[in-house]
Each structure stands twice: as structure tokens, then as C-alpha cells.
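We number each residue from 1, following the sequence as shown.
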Amino acid sequence: MAKEKILIIEDEPDIVRMLEYNLKKEGFRVVSAPDGQEGLRQARKQCPDIILLDLMLPEIDGLEVCRALRQERDTAGIPVIMLTAKGRESDKVVGLELGADDYITKPFSLGELIARVKAVLRRSRDKEKQPDIFKAGSLTIDFSKIKVSVGNKRLELTAKEFELLSALIKAKGRVLSRDYLLDNIWGFDNALEIQSRTVDVHIQTLRKKLKQEAKRIVTVKNYGYRFEIEE
């Protein structure tokens, strides 16, 4: 069975060579792109299983690349790990809110990076199969087409918003803690304050987009959220 394909979008040749060598040793297939524009072209052409994306890139920066990936149907579901020298909390929040699955600050250890790559790929493989269509009130979700609508109006959700809504629906009314959501959607196994805020911000924007169906996402104080299927 062929190993997963990794696309590296990075403009520093030494880092690219180091990543290519070590990831190939782990059995991965590797392709690379030296700037954001070429990275988008390769993502569309290669259909990689995961993308390692630098933040500071020529042509188009990493944040814009991530935004573009999440807006296109063919690339919206590709996991993205951001690699960047920017370690400020605000930079991490922006990256995660645009749909990055993980965020590693340079310099990083190869062991940690490879472990995170495998963890993100494992989560991607292990996602439960959803029914094609789910309906609750005026809310309709087509999981096969990654399409959400309220009434006759289609909603534009980010990849993370879609994953968050899907996780809540799959729970069938059970309460999901912030820790659970962080681990299963963002890949964080501990609830730092910044990470908990990320969950709450996504819930807030998701509710705004759901409009009259926002009431279905119920807050359980000091714990997490659940999705109310029945009226």
C-alpha cells in the first residue's frame, strides 16, 4: 500500500531538503513548492494527503494559501500543518481560524514534526463516515459535497466550522467538552487558554452563520457544547 503524499510549501531550500530526506525515510511520498502560488498549483494538481505550509512565503503568504485551500472544494479537506518562525499567540489564532489543523513553531524537532504529521493523518483517516444528508429543522447538511444550507440559502463555512458542526451532530445530543473538540478537530491534547478561546470563537461564528438554527448549538456551562436535534 502506497504511503501518504506530503506537499511541502516552503521557500528555504535547506529546510525543504531536510524535511524531504527525513519524511522519505519514514516512507512518505514528498513533493515541494518554493512559494505560495506554486504551492496552490501543486495542491490542486497533486491532491496530497497533507500539506506542510510555511507562513512567510514569496508571491502569496501562508495565511492566504490556507484561506484559498479552504475555499476550494477539491482542497478544502486536505489537512494543513503550519510551519513558521512566528510564535505569537495572535499568529497561531489566525492560522487556526483559517483552518490549519496544527501549528509548529520553528525551530522544531524532526521527531515532533513527524509525530504530529502522523497524528493529523490518523485523525483524518479515522473520521467516522457520515450519512450523505442530515436534516434538522431548516438546516440541511450534505456531507459528501461539504455543503450546508439553512432553508434555501447555502452557508459558507470554513473547514474547521464544518468539522465542528459535524462533530456535534455525530455526538447525537451528547455533550462534547472543549478538550474533546480541541483534540479531535485541532489535535491539541491540553486546553490552554488560547486553545479554548479558539473553540469558543468558532462556535460563536458558526452560530452567527446558522441564524435561526443557531439555537441548536447549546452551551453547557464550564464544560462544552452539544447539538440539539429535536425542536
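- Looking at Glu213 and Ser138, their side chains come closer than 4.5 Å, going by heavy atoms from C-beta outward.
- Between Lys3 atom NZ and Phe28 atom CZ the span is 4.5 Å, to the nearest 0.5 Å.
- For the atom pair Leu83 CG and Arg116 CZ, the distance stands at 10.0 Å (nearest 0.5 Å).
- Atom CD1 in Ile217 sits 5.0 Å away from atom CG in Leu210 (nearest 0.5 Å).
- Scanning all heavy atoms of the two residues, the minimum distance from Ile185 to Leu164 falls at CD1-CA, 3.5 Å.
- From Thr75, atom OG1 reaches atom CZ of Arg44 across 7.0 Å, with rounding to the nearest 0.5 Å.
- In this structure the side chain of Gln46 never reaches within 4.5 angstrom of the side chain of Leu7, judged on heavy atoms.
- Look at Arg207 and Asp200 and you find no salt bridge, because none of the NZ, NE, NH1 or NH2 atoms lies under 4.0 Å from a carboxylate O.
- Closest approach of Leu63 and Asp61 over heavy atoms only: N-OD1, 3.1 Å.
- Within a 6.0 Å sphere centred on CZ of Phe108, heavy atoms belonging to other residues, nucleotides or ligands number more than 12.
- Ion pairing between a basic and an acidic side chain is recognised when a charged N comes within 4.0 Å of a carboxylate O; Glu20 and Arg17 show no such pairing.
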### Task
Kindly determine whether Leu168 and Ile203 satisfy side chain to side chain contact (heavy atoms under 4.5 Å, CB included), including the steps that lead there.
CA-CA 11 Å; Leu168 290 168; Ile203 289 288; 4.1 Å; yes
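- Within a 6.0 Å sphere centred on CD of Glu38, other residues, nucleotides and ligands contribute more than 12 heavy atoms.
- Contact detail for Asn22 and Ile114: the closest heavy-atom pair is O-CD1, 4.4 Å.
- The distance from the CG atom of Asp101 to the CE atom of Met82 is 10.0 Å, given to the nearest 0.5 Å.
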### Message
Set out, in order, the CA-CA distance, both residues' side-chain angles and the distance that settles side chain to side chain contact (heavy atoms under 4.5 Å, CB included) for Glu228 and Arg226, then state yes or no.
### Response
CA-CA 7 Å; Glu228 186 68 62; Arg226 66 180 176 87; 2.6 Å; yes
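- Between Pro48 and Ala43 the shortest heavy-atom distance is CD-O, 3.5 Å.
- None of Glu156, Arg70, His202 except one satisfies the side-chain contact (heavy atoms from CB on, under 4.5 Å) rule with Glu161; the exception is His202.
- One N or O on the side chain of Glu10 and one on the backbone of Glu12 form a donor-acceptor pair closer than 3.5 Å.
- Heavy atoms from other residues, nucleotides or ligands lying under 6.0 Å from NZ of Lys147 number 12 at most.
- Counting heavy atoms from C-beta outward, Asp35 and Gln37 have side chains that approach closer than 4.5 Å.
- Interatomic distance, CG of Leu23 versus OG of Ser32, reported as 11.0 Å (0.5 Å rounding).
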